[in-house]
Amino acid sequence: MSDLLAHLNPPQLAAVTLPPQHALILAGAGSGKTRVLTTRIAWLISTGQVGPQGVLAVTFTNKAAKEMQARLAALLPINTRGMWIGTFHGLCNRFLRAHHREAGLTAQFQILDSADQLAAIKRLLKNLNIDDEKYPPRELMHFINAHKEQGIRAAQAEAYDAYTSRRVELYGEYEGQCQREGVVDFSELLLRSYELLQRNEPLCQHYQARFRHILVDEFQDTNRLQYAWLKLLAGRGSVKSESAGACLFAVGDDDQSIYAFRGAEIGNMRALQREFDLPEVIRLEQNYRSHGNILDAANALIKQNRGRLGKNLWTEAGAGEPIRVFEGYSDIAEAAFIVEEICELAGDGVSRQQMALLYRSNAQSRVLEHQLFKQGLAYRVHGGLRFFDRQEIKHALAYLRLLANPDDDTAFARVVNFPTRGIGGRSIEALQEAARQSNCSLYNAAASLAGKPGGAVARFIAMIESLRAETRDLPLPEVIDQLIERSGLRQHYLADKEGQDRLENLDELINAASSFLKDDGVPLVDGDEVVPDGGPLASFLAHASLEAGEHQAGEGQDAIQLMTVHAAKGLEFDIVFITGLEQGLFPHENAAQEREGLEEERRLMYVAVTRARKRLYLTHAQTRMLHGQTRYCLPSSFLEELPVELLRKINRGLSSAPLAPPRSTAVAGAAWQQPAAANALRIGQNVRHARFGVGVIVSSEGAGPEARVQVNFGAGGVKWLALEYAKLTPA
DNA sequence: ACAGCGTTAGTTTTT
DNA sequence: CTAACGCTGT
């Protein structure tokens, strides 16, 4: 036990050994947050304050959940498998499988991932003959998910105009379709669980009594529904607990909240303080990751945000190196500089894996990749296609889903004609019509409508039926093997000269099923209850939806790491390059208009800065290819928010930008007014506008009194201005 | 059924 | 500029 608590700093120790009460731990970047979380659980259990089954630990990602589980297993001599440690979605899935009847679901209910959900919505619109120009499927999906994340069903949704009223109707139709098909989307997992707990008091009280300690990671990322769910389980929701509810131990960092766009409510942190009457928050401010200069820069930057809970990172490590700032003439020059530095560092023996290139948006990786490739440097781009997202895997899983649940129309539509078997658009439309008329699934419609026994539809149904009958008692990996064979998938990819990789992935799927059965597939028996489910098939399918698998390519290699700043959250590297630090890019122009948006961008920058352990590079370019056009860019305002004494500009030979761009880029109108003036307006020229401030001229059109210039004002956006009226002075 | 063409949009993303 | 999508023609 003393081992357990050794090497904790005072606030960490205070957090870990807090008496049973609600708490908010404000955990800065690199402050040992995961350690505190896992040690807290271990301490609670090893001091006998709670049994393993009395703990509920929630994270957002599978990676975090696995890490917590692994660390806990290393701290405690108990089997952590039966414990309720997992993602919000994973735990809700477990809960709904155990109580599927009360939740109004079948034991076989399937989970739609985002792609499936979108396909389901497109199918719905087609069925209802709705113009998807007027109701774009993606937008409708967002509308539905946003409502679910607020805990709002179609029946309660407000419609303030005709358009929204129609969308609410469609939301309702979508709910009906999912229910008919026996599928739930990601947000439904949460909403369904929440509603069941709220409606079923005995059940809710059972879980309230069971979980004595609820621990939440990344609390700043919770949405309204997730917070409501936590409150309910902690006995602070609408169902009151007779005994005292669980203690809620929330760990988070408001300065690292970067997911507002997907529903995260930063306000949940203050709400928690208020609603749970927290006297104080424990701050973990000692940083074990970065050198002092990097932390000073991060602290100075984030101080610009308003309404923070407040926190100042510090370290016992020295100040370290200054932060290097580089300005390139173009995005290409920027990338070339970075690659040059990387070569030098690699020559000095720095591991390539310890160097990360961060950018605001994915499109930026292209130029960087190109330069790295030219130098023959190994690199890895994070955020690519994941294992269970591959089309061949999705096809195989769709067959599997159809075996488990014939009503799953999304699965049916996906594979009814893949590999092609002569069931074209008209047959499918006929099936859809028939299904609608008799209000049944596509599969049932196909089964009853498969008129001529020799028809393609009849053959498909027969194939699925015999597959289901003959694989009923086979172990899962063999079922998958059979299905790949009998569906014609193997044959199809064998014939495709580029199908080699896909066949290997299909074999990998069989392996994944074997190891799933070995690791996670054991029937869960925890505490007093046996957790039932729809059998190994249903749980494997749930696993596939909930855990799309890590990005596979080049995992172990010593390669330069490329990723968006979002993807870098939670990671750390010796050397970090933050690239594209330009107004309009980072902060992004879509976000920089309002304070809230700009503050979120600043938090994003804060996350980026705090990834670096030893050395940080901030790079930007004067010009950048964007949407096929050369954009003239101003340096990011975030650069100005960093204390200048921490920075070192390192523009070397190759960077020297032509300060006077070529004559041919002179703006027509300006040239007409003052042809030879030294301060003639030209593309790339910095100008000042009375209202919008400083900007760069991006392009121009027209001549004489009609001449207009397009100016990039960064945070103020990109604007067209008539030279005759707008008073632009060189800046 | 599928290739080829034209059109359009173009932050961030986990489950 | 490009990638992705949808439509049309064979």
Side-chain angles (χ1 to χ4, degrees), chain A residues 58-65 86-94 111-118 122 126 132-133 136-139 141-142 145 148-149 184-191 193 217-218 221-223 225-226 257-264 331 358-367 370 382-384 386 388-389 417-428 456 492 496 542-551 563-570 580 584-593 597 600-601 603-605 607-608 624-631:
Chain A
V58 203
T59 65
F60 277 87
T61 66
N62 291 301
K63 197 177 158 201
T87 63
F88 279 100
H89 295 85
L91 294 171
C92 285
N93 174 51
R94 188 195 277 201
I111 302 165
L112 300 184
D113 65 21
S114 322
D116 294 332
Q117 188 187 13
L118 187 63
K122 282 183 180 166
K126 197 161 236 174
D132 58 5
E133 300 266 282
R138 283 184 177 284
E139 197 276 333
M141 175 160 110
H142 182 254
N145 288 341
K148 288 191 180 183
E149 279 159 16
V184 298
D185 59 43
F186 285 136
S187 16
E188 185 71 24
L189 283 172
L190 273 151
L191 183 51
S193 303
D217 190 19
E218 307 277 20
D221 288 338
T222 52
N223 62 35
L225 181 56
Q226 286 160 339
S257 164
I258 56 174
Y259 285 113
F261 69 93
R262 67 177 199 213
D331 46 355
L358 308 185
Y359 35 81
R360 174 68 236 271
S361 64
N362 286 303
Q364 289 169 253
S365 76
R366 175 181 276 284
V367 180
H370 182 73
H382 291 242
R386 296 180 306 176
F388 287 109
D389 288 337
N417 199 33
F418 191 95
T420 50
R421 46 176 71 90
I423 304 176
R426 62 195 184 288
S427 321
I428 292 172
H492 177 265
D496 186 347
H543 165 81
S545 299
L546 290 174
E547 196 166 340
E550 277 306 293
H551 313 290
M563 67 195 85
T564 62
V565 180
H566 282 94
K569 188 171 164 219
L585 234 206
F586 196 4
H588 197 276
E589 53 196 341
N590 296 356
Q593 317 287 359
E600 174 132 330
E601 294 289 303
R603 291 193 290 270
L604 200 49
M605 179 69 181
V607 167
R624 177 176 299 275
M625 257 329 220
L626 211 65
H627 306 332
Q629 274 195 320
T630 304
R631 270 273 286 260

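Chain A is the first sequence line, chain B the second, and so forth, proteins listed ahead of strands; every chain is numbered from 1.
Rounded to an integer number of Å, the gap from A:Glu601 CD to B:dT12 C1' is 8 Å. The interatomic distance linking A:Met563 (CE) with B:dT13 (P) rounds to 11 Å, in whole Å. Between the C1' atom of B:dT15 and the CG atom of A:Leu191 lies a distance of 15 Å, rounded to the nearest Å. Between the P atom of C:dC5 and the CG atom of A:Asp132 lies a distance of 13 Å, rounded to the nearest Å. Rounded to a whole Å, the CG atom of A:Leu546 is 20 Å from the P atom of B:dT13. Look at CD on A:Glu589: it is 9 Å from P on B:dT11, rounded to the nearest Å. Between the P atom of B:dG10 and the CD atom of A:Glu139 lies a distance of 13 Å, rounded to the nearest Å. In this structure, A:Glu600 places its CD atom 13 Å from P of B:dT13, rounding to the nearest Å.
Contact annotation for A:Asn62: backbone-only contact, meaning every heavy-atom pair under 4.0 Å involves sugar-phosphate atoms and none involves a base. The residue A:Phe60 sits close only to the backbone: its heavy atoms come under 4.0 Å of sugar-phosphate atoms, none of a base. At a threshold of 4.0 angstrom between heavy atoms, the contacts of A:Asn362 are confined to the sugar-phosphate backbone, with no base atom among them. Heavy atoms of A:Asp221 sit nowhere under 4.0 angstrom from any nucleic acid atom. Residue contacts shown for A:Phe88 are absent, as no nucleic acid heavy atom lies under 4.0 Å away.
Between A:Phe388 and A:His543, the angle of the ring planes goes over 60°, which puts this pair in the perpendicular group of the 30/60° scheme.
A:Arg386 has a side-chain polar atom (N or O) that falls below the 4.0 Å cut-off from OP1 or OP2 of B:dT15. Between A:Thr564 and B:dT13 there is a side-chain polar atom (N or O) within less than 4.0 angstrom of OP1 or OP2.
The side chain of A:His566 lies closest to B:dT12, out of B:dA1, B:dT15, B:dT12. Residue A:Ser114 places its side chain closer to B:dT15 than to any other of B:dA1, B:dT15, B:dT12. Of the candidate nucleotides B:dT15, B:dT11, B:dT14, B:dT11 has the atom lying nearest to any side-chain atom of A:Ser361.
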side-chain contact (heavy atoms from CB on, under 4.5 Å) assessment of A:Tyr259 paired with A:Lys569: CA-CA 11 Å; A:Tyr259 285 113; A:Lys569 188 171 164 219; 4.3 Å; yes

Verdict with reasoning, A:Arg631 to A:Leu585, per side-chain contact (heavy atoms from CB on, under 4.5 Å): CA-CA 11 Å; A:Arg631 270 273 286 260; A:Leu585 234 206; over 6 Å; no

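Look at the C1' atom in both B:dT12 and C:dC5: the space between them is 22 Å, to the nearest Å. B:dT11 and C:dG6: their C1' atoms are spaced 25 Å apart (whole Å).
Residue ring and base: A:His89 does not count as stacked with B:dT15 (centre distance below 5.5 Å and interplanar angle below 30° not both satisfied).
Panel note: side chain A:Glu600, backbone A:Ala260; a donor-acceptor pair is recorded below 3.5 Å. Proximity of a side-chain donor or acceptor of A:Asn417 to a complementary backbone N or O of A:Ile423 within less than 3.5 Å is detected.
Heavy-atom nearest nucleotides on DNA chain B were determined for A:Arg262 and for A:Arg360, and the one closer to the 5' end corresponds to A:Arg360. Nearest-nucleotide mapping onto DNA chain B: of A:Glu547 and A:Phe261, the residue sitting toward the 5' end is A:Phe261.
Here the rule is side-chain contact (heavy atoms from CB on, under 4.5 Å) with A:Phe88, and of A:Leu225, A:Thr59, A:Leu190 only A:Leu190 fits it.
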